[in-house]
Amino acid sequence: MTSAQGGVRGWFAGRKGVWSRLRFTSLRLRLVVVFGAVALTAAVSASGIAYWLNREAVLTRTQDAVLRDFQQEMQSRAGVLPERPTQDELQRTAGQMANSSQRFSVLLVAENPDGRTVSGSSGGLSGFTLKDVPESLREAVNEEQEITSANKYAYHLYWQRMVAEDDTPYLVAGTRVIGGGPTGYMLKSLEPEAKDLNSLAWSLGIATGLALIGSALLAQAAATTVLKPVHRLGVAARRLGEGRLDTRLRVSGTDELADLSRTFNNAAAALEKRVDDMAARDEASRRFVADMSHELRTPLTAITAVTEVLEEELEAETGSMDPMIEPAVRLVVSETRRLNDLVENLMEVTRFDAGTARLVLDDVDLADQITACIDARAWLDAVDLDAERGVHARLDPRRLDVILANLIGNALKHGGSPVRVSVRACEATEDAQDPKGAEIVIAVRDHGPGIPEDVLPHVFDRFYKASASRPRSEGSGLGLSIALENAHIHGGEITAANSPEGGAVFTLRLPRDASALTETEENEGADSKGDA
């Protein structure tokens, strides 16, 4: 079943690849269309001109031969007839004229000795009569013209092409015998010439089609030659964008595409070197911070022990501490505690940067966890908790405590009391089996002045402080950043905003079951490694 599904997916993937190459916005299709349009225009123009020239040549040649033969027959045969011939004489002469080499039909019209109009036909083409001759042609034939120096004859030969009702083309001509005699008309079928011209048209059409197909194939070949390097460049750019900085293009030739490939390779090499240098500096910086933090822990342990003794002396009721040095001792105690917190935060940050931070998951009652966090820091009087008991989630309790302590402590320090903490559980709506579908939402809201709009985008930045005029404060500028990293390692998120009713609101979203999410991500990572 799996192989069959894979085959179906492969077929659809192949079809998708074909359609992607032939989509209307693709350069390949546009090249084929342009080549085809140019070839079609050129072929149609050439075919049209060739057909028109050949048509005129064929018809003119046939027409001249027929008219010349008809004129000779009129002079040699009809010209010897008496001025008033009988119908039999006309009939016999028409038959003799029709037997010429051009094989046309003849109609002779004249007045007999009795003064009546008689006609004689060769009998071809179902009987050639005056009805078959256009009236305009008869009028032109019978029109007597004035004899001048430029016009030596009163009557001339006239001809006309026409199409019969059966779509057969004909050539009809007529003239009168000079000096008196019958009027002759000729009818010649042009069907053989029409068939020849139709054959020529079909040949030119086939040639046009072949030219169009050839141009499409040529365009396809040209597009493949031109677009294959472009396609390779696109694939290389995507791989470079995915982080595979060792991607390079094979350079061949000396044309513009080869120059483009060389430019891409140079840019990729420069980018790889820049990223390697930045990674090396970043790694050195992280190692420096980690080493510094570890080195500071040893003297800090000793200093912390001393400050604890000093703090006990301060709290003792014996009054053994000199009042003159008591403020200095209190400052040393508070600054030592602050330095200890800073070192711990720096070590936590280095663990996140190195990717060594791991979750230790447990089933947590959110109401109990938040209450314990508030109680441990003596914030019960300043914090309102809106959370129903029985809302459980599988999370890392220590990291959740760090998140809550930072969010609530930040609200108490920079916002205004009371601080309200609310918990809401959101069930999965689309897929109940998806661990990302069910989540918990914890909102921490204060009643202070809110966060300035220019500060909102930077509240989670490391070492960022809203007031540049107070660089030295109780906080290190790492608390919210560490809270956000702890939310991310759970697969959650923290957002900061200002409430329409006043004050700032930090919203924490975490999955109900971080273990299912972690297993899913590990499986996806293993699959991606297997594919690679």
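Keep in mind that the numbers below use all heavy atoms, side chains included, and drop hydrogens, waters and symmetry copies.
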### Task
For Glu388, look at atom CD and say whether over 12 heavy atoms of other residues, nucleotides or ligands are found less than 6.0 Å away.
no
### Query
When Leu260 is tested against each of Val251, Leu249, Leu233, Val230 for side-chain contact (heavy atoms from CB on, under 4.5 Å), which residue passes?
Leu233
### Query
Does CZ belonging to Arg262 count more than 12 external heavy atoms closer than 6.0 Å?
yes
#### Entry: Residue pair Lys273, Asp276: steps toward the salt bridge (Lys or Arg N to Asp or Glu O under 4.0 Å) verdict
CA-CA 5 Å; Lys273 184 177 183 303; Asp276 289 342; over 6 Å; no
### Query
Less than 4.5 Å apart, any side-chain heavy atom of Asp396 and any of Asp362?
no
### Message
Other residues, nucleotides and ligands only: do more than 12 of their heavy atoms fall within 6.0 Å of NE2 on His488?
### Response
yes
### Message
With a 3.5 Å distance limit and no angle check, can you tell me whether Asn498 reaches the backbone of Ala504 through a side-chain donor-acceptor pair?
### Response
no
### Query
Around Asp381, counting heavy atoms of other residues, nucleotides and ligands shown, do more than 12 lie under 6.0 Å from its CG?
no
### Message
Are Val419 and Trp379 packed together at the side-chain level, in the sense that at least one heavy-atom pair is separated by less than 4.5 angstrom?
### Response
no
### Message
Does Asp401 form a salt bridge (Lys or Arg N to Asp or Glu O under 4.0 Å) with Arg377? I'd like the steps, not just the answer.
### Response
CA-CA 11 Å; Asp401 182 77; Arg377 293 161 178 84; 2.9 Å; yes
### Query
Less than 4.5 Å apart, any side-chain heavy atom of Ile489 and any of Arg399?
yes
### Message
In the structure I gave you, are the side-chain heavy atoms of Val459 and Ile451 within less than 4.5 Å of one another anywhere?
### Response
yes
### Task
With the side chain counted from C-beta on, respond yes when Leu366 and Leu400 share a heavy-atom pair under 4.5 Å apart, and no when they do not.
yes
### Task
Start with the C-alpha distance between Glu272 and Arg248, add both sets of side-chain angles, then the distance that settles salt bridge (Lys or Arg N to Asp or Glu O under 4.0 Å), and finish with yes or no.
CA-CA 11 Å; Glu272 184 179 20; Arg248 298 293 184 273; 2.7 Å; yes
### Message
salt bridge (Lys or Arg N to Asp or Glu O under 4.0 Å), that's the test. Do Arg509 and Glu493 meet it? Break it down for me.
### Response
CA-CA 5 Å; Arg509 295 179 180 273; Glu493 185 60 64; over 6 Å; no
